[in-house]
Amino acid sequence: MSAGIVFQLLAALAYALLGAGWWRQLAQGSNEIRVGPVTHGFLIVGLSMQIVGLHSAMMGHAGGLHLGWALALSAAIWLGMLIFWLENFLMKLDGLLLVLLPAAALAAALGGLFPSGRMVPHGDSQWLRAHLIIALCAYGIIAIAALQALFMAALDRKLHRPADPDANAGLIARALDTLPPLLTQERLLFRLVGIGFAVLTVPVVTGIIVSMKTLGVAFPLDHKTIFTLLAWFTFGGLLIGRRIRGWRGRTALRWTLVGFAFVLLSYSGSRFVLDVLLQRS
């Protein structure tokens, strides 16, 4: 078993133990989630082990860069978790870890269990490596924004159905009660979308440079280019709609989730279909 697999599975275990502990507290009647030294410690351990595992799996091959759908997903979620951890020092977002920790545990576990992939053509190119790293940064930010949008949609449903006993009882309802106010989350969502759009713009530009250097064309008509551009236009449209028409609430959530779907399909989703379902490399 390679070091990449071991470290990613250990990271998944750290995230899962921390998440299970918090959900257990919630099940026992706790109505508040607070990030303390123990939580920070587990997060640092998990993030450290996951990046060591990702580096070993992606860069530990002679002759280039190794990448697959699960590794790309794990790397994106790792970057998103790192950004959230840093953001949490500026804004109280502790309750969001109830959904982020299971997502991080799943992504790290998939990266460890499905490390197969392919050597990226021209993987020794510094332009290509920079392009992929920046793209994964954008995917990570957008992934966290999408997870938050899902939680915001659930909280919005709860607030708009006060007489619905199913929406105001049970473990999920208590989890929603630990979240920051909806307006605070909306501000954070648009901050993440704005940062994600700005970062996504960089790989769109560097992708043109890489494509010109390696293929001789600016926009190759492949799934990665098409879905990345669709995501870029979606998030750009959302930000313009927010600025000009004041879009918010459910409209913003729908656009965020549609944009995330395009981001997911741009690499991880399409590679999952090709590598796993169709078993093509």
Side-chain angles (χ1 to χ4, degrees), residues 4-54 70-114 136-137 139-155 158 170-180 184-185 188-189 191-192 196 256-257 260 263-264 268:
I5 295 174
V6 171
F7 278 105
Q8 289 213 79
L9 292 180
L10 287 174
L13 180 61
Y15 296 140
L17 288 174
L18 183 58
W22 276 22
W23 279 98
R24 185 170 179 270
Q25 289 183 32
L26 206 63
Q28 292 175 343
S30 175
N31 292 321
E32 188 173 6
I33 296 298
R34 288 190 176 183
V35 174
V38 174
T39 301
H40 282 300
F42 267 88
L43 285 175
I44 292 172
V45 169
L47 290 168
S48 299
M49 289 191 296
Q50 190 176 4
I51 190 57
V52 170
L54 285 168
L71 291 175
L73 180 63
S74 180
I77 296 298
W78 179 86
L79 288 161
M81 282 293 294
L82 178 63
I83 291 167
F84 168 83
W85 180 63
L86 296 174
E87 185 76 28
N88 199 47
F89 288 105
L90 304 176
M91 186 183 299
K92 183 176 171 56
L93 305 167
D94 300 352
L96 292 176
L97 279 178
L98 287 169
V99 67
L100 296 181
L101 284 169
L106 177 61
L110 289 173
L113 295 173
F114 300 97
L136 288 173
C137 286
Y139 297 170
I141 297 169
I142 292 168
I144 297 301
L147 288 172
Q148 184 185 345
L150 289 174
F151 243 27
M152 287 177 62
L155 182 59
K158 180 176 183 292
L171 190 60
I172 300 299
R174 286 204 295 274
L176 294 175
D177 288 337
T178 68
L179 295 177
T184 300
Q185 292 192 63
L188 176 62
L189 176 66
R191 183 188 304 178
L192 290 172
T256 301
L257 294 176
F260 173 69
V263 165
L264 188 64
S268 290

For residues 10-19, which side-chain donor-acceptor pairs fall under 3.5 Å, sequence neighbours excluded?
residue	atom	partner	partner atom	Å
Y15	OH	G46	O	3.3
Y15	OH	L47	N	3.3
Y15	OH	Q50	OE1	2.8

- Hey, what do you get for OH (Y139) to CG (L264), rounding to the nearest 0.5 Å? 10.0 Å

- L113 meets the side chain to side chain contact (heavy atoms under 4.5 Å, CB included) criterion, sequence neighbours left out, with L9

- Stepwise side-chain contact (heavy atoms from CB on, under 4.5 Å) check, M81 with I77: CA-CA 6 Å; M81 282 293 294; I77 296 298; 4.3 Å; yes

- Message: Which heavy atom of L71 sits nearest to which heavy atom of G111, and what is that distance?
- Response: CD2-O, 3.9 Å

- Does Q8 have any side chain to side chain donor-acceptor pair (under 3.5 Å) partners at least two apart in sequence or in another chain, and if so, which? S74

- Considering non-hydrogen atoms only, spot the tightest contact between A149 and L257 and give its length. CB-CD2, 4.1 Å

- Message: How long is the straight-line distance from CG of L189 back to CE of M152, given to the nearest 0.5 Å?
- Response: 5.0 Å

- Would you give the length of the straight line joining atom CD1 of I44 to atom CH2 of W85, rounded to the nearest 0.5 angstrom? 4.0 Å

- Side-chain contact, heavy-atom cut-off 4.5 Å: L79 with I141? no

- Query: Just wondering, do I144 and L192 contact through their side chains at under 4.5 Å, heavy atoms?
  - Reply: yes

- Message: Please list all pairs meeting side chain to side chain donor-acceptor pair (under 3.5 Å) that have one or both residues in residues 97-108, counting only residues at least two apart or in different chains.
- Response: none

- Please report the shortest heavy-atom distance between A143 and F260, naming the atom on each side. CA-CE1, 3.6 Å

- Listed by chain and number, what are the side chain to side chain contact (heavy atoms under 4.5 Å, CB included) partners of A103, not counting sequence neighbours? L147

- Task: Could I get the full list of side chain to side chain contact (heavy atoms under 4.5 Å, CB included) partners for L110, not counting sequence neighbours?
- Result: W69, A70, L73, L106, F114

